[in-house]
Amino acid sequence: MKKNVRVRFAPSPTGPLHIGGVRTALYNYLFAKKHGGKFILRIEDTDRNRFVEGAKEYIEESLEWCGIKIDESTNAGGNFGPYIQSERKDIYKKYINELIESGNAYYAFDTSDELDTLRKQYELEKKVFVYNSETRKRLKNSLTLSKEEVNTKLTNENFVVRFKIPENEQLIMNDVIRGEILINTNTLDDKILFKSDGMPTYHLANIIDDHLMEISHVIRGEEWLPSMPLHVLLYKAFGWENNMPEFAHLPLLLKPTGNGKLSKRDGDKLGFPVFPLFWKAPNGDTASGYKENGYFPDAFINFLSLLGWNSGTEQEIFSMEELIQAFSLEKVNKSGARFDHDKAKWFNNQYLQKKSDLELANLFSEELKEKGISSNIGYITEIVSLIKERAGFVNELWSQSFFFFEKPTEYDKKIIKKRWKEGIGEKLKNIVLIIDNLSNFSRDNIHDSVIKYIEDNELNMGQIMNSMRVSLVGSASGPDLFRIIELLGKQETIDRINIAIEKVNK
RNA sequence: GGCCCGUUCGUCUAGUGGACUAGGACGCCAGGUUUUCAUCCUGGAAACAGGGGUUCAAUGCCCCUACGGGCUACCA
């Protein structure tokens, strides 16, 4: 890599950042860090109508939660600011004039209504209206009108500035991921570069900013591929083609089933979050996030990194540092990736299993506090070590271990019917006696004593064990029964069995 | 409709002309472990979109078809 690597993530603040955007940011970040470069956050808010309060902050918070560190932005600073396009209006004005003077752009006075009518007319004739080298000769613009007319209109009317697409040129472009892309400029239309409200469109602002901010690689979603020719042509028109950035168009994230790409509007409709963090829109609408759903940021990032990229090895679990080391644009796939929620869950489970018991106990302890339960961290750590392999998320820890903190309020009816046979109460009473007489209350000792009682009296193992379990935890499933007894303690165990005998036999 | 991009198990993917009896992972199924459920272990089913070329040889290169995706706004 000869030049300094500088990449940007350039979302527009029209709402929360969705996971496709997070992945784009991630790939930019990984690429930058791999090559010792800078990761820049630029806010593209040239469409004031779609601006949503809080979106910019949401984007910044999301990247932070993900562990994606911003080198330059409004908050992080940097020498190439401002990093928000609405504050760069004057810059764009200067450059659009340059383009008009060089004959690469022109004023157009057609109203939206006029163009709409035209489009409809064409449609009736089964043709498609394109503002191009052919039609612009018949429309109201500075190429067809006299100087005087143009000047009058410029002062009295709304106008836009359009790019004058060169006629019949074969463009050969290169994409790092897709290779050569060929297109004839006759298929392109004279896109608007400057809107009547005095703001540039995305295309203009994007090229100017990327140039001024010395962006070396444009890594963005595939939805931008069709506008790549326009962008390349703009670089040429400005005379910047010699230090044009390299382009890499990422495959899109697709819906798990059905058609189309994953979009913000999918919200929670698909049965999983599409946003990193919880979002509340100014109008009150809310959408859930991965964070609040119990995902660890490193698991979330690991999962996302593999949607469209693969290291070429069989490794699947990557820390951020490992991702940076392994990442390369050449190994990014070309085709869209369907989102798979099951695999996301699996990743979180993997990360949860890797965490230490103490770390999980601290997280669990916070949840317990919210439920009004406070317990000492040593006890919680013991419980966590017993149940963590049964959970995929921190928020599943409670359902696996609630019985350590409160007595069961009901007993699984199916198990009672199947296992709580005639006379079981008497046998459980004997077990209570055995337990009560234990001086060494260790798991193994409890185990040996109870098993000995069952064997000596030739009792049904399943019946006794399940009856004990249901008495203590309310259901037939759970971790090792004797560890539960050990952790509950002698008195609590005895109480619970006695309560069960009384309640069930009634 | 037009333009552009893509197509390996259900899903994410490995594969860069001979190493392919096409590998891994998720999910699924079966067996084992377990007092139980979960975990865990072992095993299994499961794919090169179709058709033409090029080549001694094609998952891989070329062409066509089909299918999927994106774009086609004074949105980004």
Side-chain angles (χ1 to χ4, degrees), chain A residues 10-14 44-47 49-50 85 108 110-112 115-116 119 122-123 126-130 158-162 175 177-178 181-184 186-189 191-197 199-203 205-206 220-229 249 251-252 254 256-257 259-261 303 306-317 330-331 333-347 349 353 387-392 400 415 419 447 450-451 454 460-470 473 475-482:
Chain A
S12 88
T14 57
E44 308 218 327
D45 59 343
T46 51
D47 184 356
N49 299 324
R50 293 211 307 156
Q85 291 183 329
D110 323 272
T111 66
S112 302
L115 294 175
D116 276 349
R119 285 194 188 98
Y122 269 66
E123 205 175 314
K126 297 215 164 174
K127 290 193 293 186
V128 180
F129 173 74
V130 182
N158 282 337
F159 64 89
V160 299
V161 180
R162 286 182 183 270
D175 183 281
I177 295 167
R178 284 151 218 282
I181 294 166
L182 303 162
I183 198 162
N184 186 297
N186 284 353
T187 64
L188 270 24
D189 58 344
K191 275 269 174 311
I192 291 176
L193 298 179
F194 216 80
K195 301 182 274 188
S196 56
D197 67 354
M199 285 295 269
T201 59
Y202 164 81
H203 302 291
N206 187 268
R220 73 222 308 191
E222 196 188 348
E223 71 265 33
W224 295 109
L225 198 50
S227 49
M228 183 179 172
H249 290 92
L252 265 15
L254 273 21
T257 53
N259 301 330
K261 65 169 177 174
F303 164 66
L306 260 15
L307 244 36
W309 170 84
N310 189 283
S311 69
T313 68
E314 284 181 0
Q315 182 177 355
E316 295 220 89
I317 303 295
E330 285 72 23
K331 300 233 79 163
N333 291 309
K334 295 181 179 74
S335 50
R338 280 187 191 279
F339 187 84
D340 181 359
H341 193 215
D342 278 334
K343 196 137 188 184
K345 288 192 235 173
W346 178 80
F347 270 101
N349 191 351
Q353 301 309 326
I387 59 160
K388 83 167 178 185
E389 67 189 24
R390 321 173 71 85
Q400 295 292 342
I415 294 307
R419 299 296 196 177
H447 170 268
V450 173
I451 296 297
I454 292 170
N460 182 315
M461 181 81 85
Q463 271 183 31
I464 301 295
M465 299 292 272
N466 279 292
S467 303
M468 283 175 73
R469 180 181 290 281
V470 82
V473 312
S475 77
S477 64
D480 181 68
L481 185 58
F482 300 103

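Proteins get letters first, then strands, A, B, ... in listed order; numbering begins at 1 in each. Source: prediction; values computed, not measured.
Two residues are said to be in side-chain contact when any heavy atoms from C-beta on lie closer than 4.5 Å; A/Lys195 and A/Asp47 meet this criterion. At least one side-chain heavy atom of A/Arg220 sits under 4.5 Å from a side-chain heavy atom of A/His249.
Using a 4.0 Å heavy-atom criterion, one finds that A/Ala337 contacts the sugar-phosphate atoms exclusively. Within the 4.0 angstrom heavy-atom criterion, no nucleotide atom of any strand lies near A/Lys388. A/Asp175 comes within 4.0 angstrom of nothing in the nucleic acid, heavy atoms only. A/Pro479 comes within contact range of at least one nucleobase, with a heavy-atom separation under 4.0 Å.
The distance between atom CG of A/Asn186 and atom P of B/G2, rounded to the nearest whole Å, is 17 Å. Atoms CD (A/Glu330) and C1' (B/G15) sit 17 Å apart, rounded to a whole Å.
The C1' atoms of B/G31 and B/G18 are separated by 39 Å, rounded to the nearest whole Å. For B/U33 and B/U8, the P atoms lie 40 Å apart once the distance is rounded to whole Å. When the C1' atom is used for both B/U35 and B/C29, the distance is 26 Å, rounded to whole Å.
Side chain of A/Asn333 to backbone of A/Ser335: no donor-acceptor contact under 3.5 angstrom is found.
The shortest distance between the side-chain N/O atoms of A/Asn349 and the OP1/OP2 oxygens of B/U39 is not below 4.0 Å.
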Contact state string [nucleotides 66-76 of chain B, B base, S sugar-phosphate only, - no protein heavy atom under 4.0 Å]: ---SSS--BBB
